[in-house]
Amino acid sequence: MRVVITGVGGLVGRHLAAHLNPSHDVVGLSRQADVTVPNVTMAGPGYAPDHLRRVFATADAVIHLAARRGSTEPTAAFLPDVALTEIVTSAARDAGVARFVLASSISVYDPSLDLPWHEECVGVPRNAYGIAKLAAEHVALHHARASAARHGRPFEVVVLRLAHVYGPDEDSPHAIPTMLSHAAQGRPLMACPPSERRRDLVYVADVARACALALEQTVPTGVYNVGSGAAASTYEVANVIACAAGLEKPTVVPAWSESAVPSLLDLTRAREALGYTPAYNLAAGVRAALAFRWEHP
């Protein structure tokens, strides 16, 4: 199968490409011209519609990962992501691509809803990022419906709502990559006090496998949650990282407060339709991430 991945240079994109190789022919797209990913044919920078149609003309499937991250910016900052989803989805449909996988986010859910969250309960997202992700979902699902009605050919859209993704080679100022970096260097960890505010954290290898299942399984157009099946507070994550690295327990900083919004995804639909079950619990994911960092200091 020839698979095109947008945003292939990101955390999920790199691990997904490695997971799909060598069983699939992987083509990568990125905004930057200098992005390279092992065993991936880069199709040139940018997402101009004509360029996308040429790239998609020989593709069996497209996985759309390209998007900016964030949580505090205004809605206008994320409107380009919605527009890009429209451009990418339209080009894939027009090129006759049969399967389109869209990476969405746990951020589409309303935090006031009871946990765990299942796909039919969305409500109002808490921030602009979640609003944009929900809008992107509707754009892609609209094209699936319109293709069947107007063009008489299937255009299957599988939306994967990803929990909070972490991985071994993420370079960002967020809490988990920072703690993993410090632990890999043998530096003591600090954390906010223990809290009941726990988040669903999913290891990137599980996300890559879920994307592959969305390509390979015969499933109807729809939305599917992809998470870990469990949740942890920042202190609990720090404690697991410290234990895996052979460090003392994290030092609690009373002035720090847990800012995480409690979250947990219901994985029933993904398990039954995709055959997805997470292979990594938090301890296993942390061990894998630390092993990578020790091997690649």
Side-chain angles (χ1 to χ4, degrees), residues 5 7 10-13 15-16 19 61-65 67 69 71 81 85 89 99-127 129-142 144 156-167 176 197-233 237 260-282 284-285:
I5 304 173
L11 175 66
V12 174
H15 286 264
L16 174 57
H19 182 86
V62 172
I63 303 179
H64 182 39
L65 305 176
R69 295 179 61 179
S71 59
D81 286 347
T85 300
T89 311
R99 177 62 61 94
F100 186 90
V101 179
L102 173 67
S104 186
S105 170
I106 194 171
S107 296
V108 304
Y109 288 104
D110 186 332
S112 68
L113 298 173
D114 292 338
L115 300 177
W117 296 327
H118 60 83
E119 291 85 351
E120 301 307 319
C121 291
V122 175
V124 180
R126 66 180 291 266
N127 57 32
Y129 176 74
I131 293 169
K133 282 294 188 182
L134 188 57
E137 288 186 13
H138 285 290
V139 166
L141 293 170
H142 163 75
E156 297 171 345
V157 172
V158 179
V159 176
L160 301 180
R161 289 181 181 156
L162 309 181
H164 302 285
V165 184
Y166 69 100
I176 293 179
R197 300 171 69 85
R198 296 179 172 90
R199 296 187 300 162
D200 193 332
L201 304 165
V202 62
Y203 190 59
V204 67
D206 277 331
V207 173
R209 190 164 53 84
C211 290
L213 289 169
L215 293 179
E216 297 161 358
Q217 300 298 318
T218 303
V219 294
T221 288
V223 180
Y224 302 85
N225 286 336
V226 175
S228 67
S233 68
V237 173
V261 175
S263 62
L264 182 64
L265 295 177
D266 185 321
L267 305 182
T268 303
R269 182 182 293 181
R271 181 175 63 250
E272 294 178 350
L274 299 175
Y276 169 78
T277 54
Y280 291 82
N281 61 17
L282 179 61

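Looking at heavy atoms from C-beta onward, P278 lies in side-chain contact with L267 at the 4.5 angstrom threshold. Considering only heavy atoms from C-beta on, T221 comes within 4.5 Å of L141 through its side chain. Taking 4.5 Å as the limit, every side-chain heavy atom of S228 sits out of range of all side-chain heavy atoms of Y280. The closest side-chain heavy-atom distance from E137 to R161 is below 4.5 Å. Taking the side chain as every heavy atom from C-beta outward, L282 and Y166 approach each other to under 4.5 Å. Using a 4.5 Å heavy-atom threshold, the side chains of P262 and R198 count as separate. Inter-residue side-chain proximity for H15 and V165 is flagged as unmet; no heavy-atom pair is nearer than 4.5 Å. S263 places none of its side-chain heavy atoms less than 4.5 Å from the side chain of Y109.
Taking CG from L265 and CG from L162, the interatomic distance works out to 9.0 Å, rounded to the nearest 0.5 Å. Atoms OG and CD1, from S107 and I131 in turn, are 11.0 Å apart once rounded to the nearest 0.5 Å. Rounding to the nearest 0.5 angstrom, the gap separating the CG atom in D266 from the CZ atom in R271 is 7.5 Å. From L215, atom CG reaches atom CD of E156 across 11.0 Å, with rounding to the nearest 0.5 Å. In this structure, Y203 OH and R209 CZ are separated by 13.0 Å, a value rounded to the nearest 0.5 Å. Expressed to the nearest 0.5 Å, how far CG of L160 lies from CG of L274 amounts to 7.0 Å.
Residue W117 comes nearest to P111 through the heavy atom pair CZ2-CA, 3.8 Å, listed as atom of the first residue, atom of the second, then distance. The two residues E119 and V223 come nearest to each other via the heavy atoms CG-O, 3.3 Å. What you find for L264 and G229 is that their closest heavy atoms are CD1-C, 3.9 Å. Nearest approach of G227 to Y276, heavy atoms of both residues: O-OH, 2.6 Å. Considering every non-hydrogen atom in both A103 and L65, the closest pair reads CB-CD2, 3.5 Å. Of all non-hydrogen atoms in D110 and G123, the two that sit nearest each other are CB-CA, 3.8 Å.
The backbone N or O of T218 sits nowhere less than 3.5 Å from a side-chain atom of R99 that would complete a donor-acceptor pair. Remark: the backbone N or O of A260 is paired with a side-chain donor or acceptor of R197 at under 3.5 angstrom.
Between F100 and H64, the angle of the ring planes lies from 30° to 60°, which puts this pair in the tilted group.
In this view, Q217 and L213, V219 satisfy the side-chain contact (heavy atoms from CB on, under 4.5 Å) rule, not counting sequence neighbours.
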